[in-house]
*Asks:* 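This is the structure, below, for whatever I ask next.
Residue numbers run from 1 in the order of the sequence given. Atom set for the values below is all heavy atoms of this structure, side chains included, hydrogens, waters and symmetry mates excluded.
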Amino acid sequence: SAQSSLPHVKFPLAPDKLAHGSVYFVLTWFGWRAFHFQSWSVFLRRNALVLAFFFTCVYGVTDEIHQIYVPGRTFDLSDMLADAIGAALFLPTYWMFLRRMATRPEVPSSVN
């Protein structure tokens with residue numbers, strides 16, 4: 001506690017960037033669910049994946065702009081990039097899930 005700076009382990013990717021990516025991955029998933037399972041618009045349901053990605057990225061940009069006005073916080077382009085990468089990683093994850101569900105063998109239902 002008497003040292004002016006503590007030694008730290010070098011990560012290839014900063015832990016806060018992993019946190020940004022993870023949070024925006026989940027946010028994209030929630031956005032997809034919101035668009036996909038709504039009953040108001042067929043357009044929103046059909047384009048749920050693209051819209052979730054777009055709105056999550058826009059939210060990341062506006063969040064970084066908002067931080068300009070918060071004391072002690074700054075705009076960080078690398079945070080914005082980590083947000084967009086996290087959102088983008090949801091897309092192949094979703095497609096892999098769909099592919100896996102399509103190749104899953106049909107389970108017969110039991111009739112009582």
*Asks:* Considering non-hydrogen atoms only, spot the tightest contact between A88 and P92 and give its length.
*Replies:*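 Minimum heavy-atom contact is O-CD, 3.0 Å.
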
*Asks:* Any salt bridge (Lys or Arg N to Asp or Glu O under 4.0 Å) pairs touching residues 64-91, not counting sequence neighbours?
*Replies:*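 Every pair satisfying salt bridge (Lys or Arg N to Asp or Glu O under 4.0 Å) with a residue in residues 64-91: K17-D76, K17-D79.
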
*Asks:* Answer yes if L49 and L98 sit in the same cluster of Ile, Leu, Val, Met, Phe, Trp and Tyr residues linked by side chain heavy atoms under 4.5 Å apart, and no otherwise.
*Replies:*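 As far as the 4.5 Å side-chain criterion goes, L98 and L49 are connected within one cluster.
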
*Asks:* Using side chain to side chain contact (heavy atoms under 4.5 Å, CB included), reason through W29 and Y94 one step at a time and then give a plain yes or no.
*Replies:* CA-CA 9 Å; W29 175 38; Y94 173 76; over 6 Å; no

*Asks:* For the CD1 atom of I65 and the CE atom of M80, what is their distance to the nearest 0.5 Å?
*Replies:*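 So the CD1 of I65 and the CE of M80 are separated by 7.5 Å.
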
*Asks:* Could you tell me the separation between the CZ atom of F97 and the CE atom of M101, rounded to the nearest 0.5 Å?
*Replies:*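 Interatomic distance, F97 CZ to M101 CE, rounded to 0.5 Å: 4.5 Å.
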
*Asks:* Can you sort out the partners of D63 under salt bridge (Lys or Arg N to Asp or Glu O under 4.0 Å), two or more places apart, ordered by chain and number?
*Replies:*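 For D63 there are no salt bridge (Lys or Arg N to Asp or Glu O under 4.0 Å) partners, ignoring immediate neighbours.
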
*Asks:* Are F53 and F30 linked, directly or through other ILVMFWY residues, by side chains that come within less than 4.5 angstrom of each other?
*Replies:*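 Shared cluster, yes.
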
*Asks:* Could you list the residues that satisfy side-chain contact (heavy atoms from CB on, under 4.5 Å) with F25, not counting sequence neighbours?
*Replies:*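 Scan of F25 (side-chain contact (heavy atoms from CB on, under 4.5 Å), adjacent residues dropped) gives L89, F90, T93.
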
*Asks:* Could you measure the distance from the OG atom of S41 to the CZ atom of R46? Nearest 0.5 Å is fine.
*Replies:*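 So the OG of S41 and the CZ of R46 are separated by 9.5 Å.
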
*Asks:* How long is the straight-line distance from SG of C57 back to CG of L27, given to the nearest 0.5 Å?
*Replies:*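 Rounded to the nearest 0.5 Å, the CG-SG separation comes out at 10.0 Å.
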
*Asks:* Linking Ile, Leu, Val, Met, Phe, Trp and Tyr by side-chain heavy atoms under 4.5 Å, what else ends up with V42?
*Replies:*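 Other cluster members: none.
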
*Asks:* Under the ring-ring contact (aromatic ring centres under 6.0 Å, His included) test, which residues partner H66, sequence neighbours left out?
*Replies:*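 Partners of H66 under the ring-ring contact (aromatic ring centres under 6.0 Å, His included) test: none.
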
*Asks:* Among the clusters formed by ILVMFWY side chains lying less than 4.5 Å apart, do V61 and V50 turn up in the same one?
*Replies:*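 Not linked; separate clusters.
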
*Asks:* Please report the interatomic distance OG1(T28) to CG(L91), rounded to the nearest 0.5 Å.
*Replies:*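 Result: 7.5 Å between the selected atoms.
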
*Asks:* To the nearest 0.5 Å, how far apart are CZ in F75 and OH in Y69?
*Replies:*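 Between atom CZ of F75 and atom OH of Y69 there are 11.0 Å.
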
*Asks:* List, by chain and number, the other hydrophobic cluster members for F54, where Ile, Leu, Val, Met, Phe, Trp and Tyr join if side-chain heavy atoms come within less than 4.5 Å, directly or indirectly.
*Replies:*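 When side chains under 4.5 Å apart are linked, the cluster holding F54 also contains F35, W40, F43, L44, L51, F55, V58.
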
*Asks:* According to a 4.5 Å side-chain heavy-atom criterion applied to Ile, Leu, Val, Met, Phe, Trp and Tyr, with indirect links allowed, do L18 and V23 form part of one hydrophobic cluster?
*Replies:*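 Unlinked, L18 and V23 end up in two clusters.
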
*Asks:* If we ignore hydrogens and angles and just use 3.5 Å, is the side chain of R45 paired with the main-chain N or O of Q38 as donor and acceptor?
*Replies:*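 Answer holds: yes.
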
